[in-house]
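Working notes, beginning with the structure itself.
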Amino acid sequence: MTTAALGEQEYETVTREDGSGTPGHDPRQLWLNHQQSQPRARRGRRPAFSREAITTAAVALADAEGLEAVTMRRVAAQVGAGVMSLYSYAPDKDTLLELMVDHVSGELPSSAALTGDWRTDLKTIAHLQRANMLRHPWLPAALSTRRSLGPNTLAFLEHALTALRPTGLDGAAKLEVFAQLTAFVAGHVTHELTQAAAAGSPDRAAAEARYLATVAADGHHPELAEALSAPGRPLTPEATFTRFLNRLIDGLGTD
């Protein structure tokens with residue numbers, strides 16, 4: 001059965017709004033040939049929306065309500081289009097997520113000056129990634145599955161690889177370091193957002209503190225007791241992220 005023969009509701013079901021089970025796409029078609037593959041407007045009429053408008057609307061929805069809110073039907077309503085017409089620009093939600101990830105990657109500066117100290121530069125890159133993920137809390141989850149590299153993503157990757165040039169690592173190792181760094185930032189931001197949501201309950205935090213104090217005093221957890229008695233460190237999200245990041249990057253070797 002062709003797409004045209006399906007009703008809107010049935011087609012959304014077939015394409016799987018969660019993006020799973022889709023046949024995938026050709027990155028060259030998505031990123032290099034999209035200008036040629038855009039549907040042509042009728043003579044004398046200009047299209048009322050574009051792939052950029054669709055992506056922007058989807059990002060706004062995800063920022064406000066989470067990835068679950070991003071359906072083809074909701075995005076179509078945001079841009080004032082019919083659902084079926086959107087499939088000419090993004091045939092399924094997985095492709096739409098590809099567009100969204102690359103769109104917000106455009107917020108990452110890819111031409112900032114580098115210091116030549118690769119550890120310092122990697123730390124700067126990680127802080128930029130964290131800020132971007134905090135602006136778009138859905139991004140860590142979207143990055144958890146393999147995505148093709150759009151033009152904005154490629155530009156930032158090129159910047160990161162340039163920062164790693166002084167290490168002398170081969171190309172594969174540099175790609176691994178960048179992947180490791182990105183995974184660390186995404187995981188930390190996910191934890192950070194979860195903790196921030198839980199912090200809304202002071203009673204729970206106080207209960208957990210009392211519990212740990214009781215456990216530490218039972219004599220069976222001397223290492224925990226020593227750790228809890230150590231002088232406190234700044235617990236702001238920024239300070240915590242910086243400490244963890246420093247441990248990661250300062251421990252990276254160049255062999």
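Please read all numbers here as calculations on a predicted model, not as lab measurements.
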Partner of His188 by side-chain contact (heavy atoms from CB on, under 4.5 Å), out of Thr240, Leu245, Leu193 =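 Only one of Thr240, Leu245, Leu193 forms a side-chain contact (heavy atoms from CB on, under 4.5 Å) with His188, namely Thr240.
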So which atom in [X] and which in [Y] form the shortest heavy-atom distance, rounded to 0.1 Å?
X      : Y      : value
Trp118 : Ile249 : CH2-O, 4.4 Å
Gly116 : Asp121 : N-OD2, 3.2 Å
Gln78  : Ala57  : CB-CB, 3.8 Å
Leu252 : Leu122 : CD1-CD1, 4.3 Å
Met133 : Pro140 : SD-CG, 3.9 Å
His103 : Glu52  : CE1-OE2, 3.1 Å

Notebook entry, point to check: With hydrophobic residues grouped by side-chain heavy-atom distances under 4.5 Å, do Val59 and Val79 end up in a single group?
Noted result: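 Yes, Val59 and Val79 fall within the same hydrophobic cluster.
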Practice prompt. Examine Leu114 and Leu164 and state if one hydrophobic cluster contains both, with Ile, Leu, Val, Met, Phe, Trp and Tyr joined whenever side-chain heavy atoms are less than 4.5 Å apart.
Written response: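 Looking at the clustering, Leu164 is in a separate group from Leu114.
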We want to know whether [X] and [Y] form a side-chain donor-acceptor pair, criterion being a heavy-atom distance below 3.5 angstrom.
X      : Y      : value
Glu158 : Ser110 : no
Ser105 : Asp102 : no
Asn132 : Arg135 : yes

Checklist line | Pair Lys123 + Asp250: basic N to acidic O under 4.0 Å | finding: yes
Taking atom [atom1] of [X] and atom [atom2] of [Y], what is their separation to the nearest 0.5 Å?
X      : Y      : atom1 : atom2 : result
Met84  : Arg73  : CE    : CZ    : 10.5 Å
Leu228 : His221 : CG    : NE2   : 11.0 Å
Arg165 : Lys174 : CZ    : NZ    : 5.0 Å
Ser85  : Ile54  : OG    : CD1   : 7.0 Å
Leu67  : Leu61  : CG    : CG    : 10.5 Å

Heavy-atom check, side chain of [X] versus side chain of [Y], under 4.5 Å:
X      : Y      : answer
Thr95  : Tyr89  : no
Leu108 : Asn152 : no
Asn246 : Arg119 : no
Asp218 : Val215 : yes
Met100 : Val70  : yes
Leu143 : Trp138 : no
Gln129 : Ile125 : yes
Val75  : Thr55  : no

Exercise for the section: Go through Glu107 and Leu128 one step at a time and tell me if the side-chain contact (heavy atoms from CB on, under 4.5 Å) criterion holds. Expected result: CA-CA 9 Å; Glu107 299 173 14; Leu128 290 170; over 6 Å; no
Is there a donor-acceptor pair under 3.5 Å between the side chain of [X] and the backbone N or O of [Y]?
X      : Y      : result
Thr182 : Ala179 : no
Asp63  : His136 : no
Thr56  : Ala53  : no

- Task: Start with the C-alpha distance between Leu175 and Leu161, add both sets of side-chain angles, then the distance that settles side-chain contact (heavy atoms from CB on, under 4.5 Å), and finish with yes or no.
- Result: CA-CA 7 Å; Leu175 288 171; Leu161 294 177; 4.1 Å; yes
| field | Whether Phe184 and Phe241 hold their rings parallel, tilted or perpendicular, with breakpoints at 30° and 60° | value | parallel
Decide side-chain contact (heavy atoms from CB on, under 4.5 Å) for Leu30 and Arg51; before the verdict, give the C-alpha distance in whole Å, the side-chain angles of both, and the deciding distance to 0.1 Å.
CA-CA 11 Å; Leu30 179 63; Arg51 190 169 85 166; 3.7 Å; yes
- Task: Could you give me the CA-CA distance, side-chain angles and deciding distance for Val185 and Phe244, then say whether side-chain contact (heavy atoms from CB on, under 4.5 Å) is met?
- Result: CA-CA 10 Å; Val185 178; Phe244 288 8; over 6 Å; no
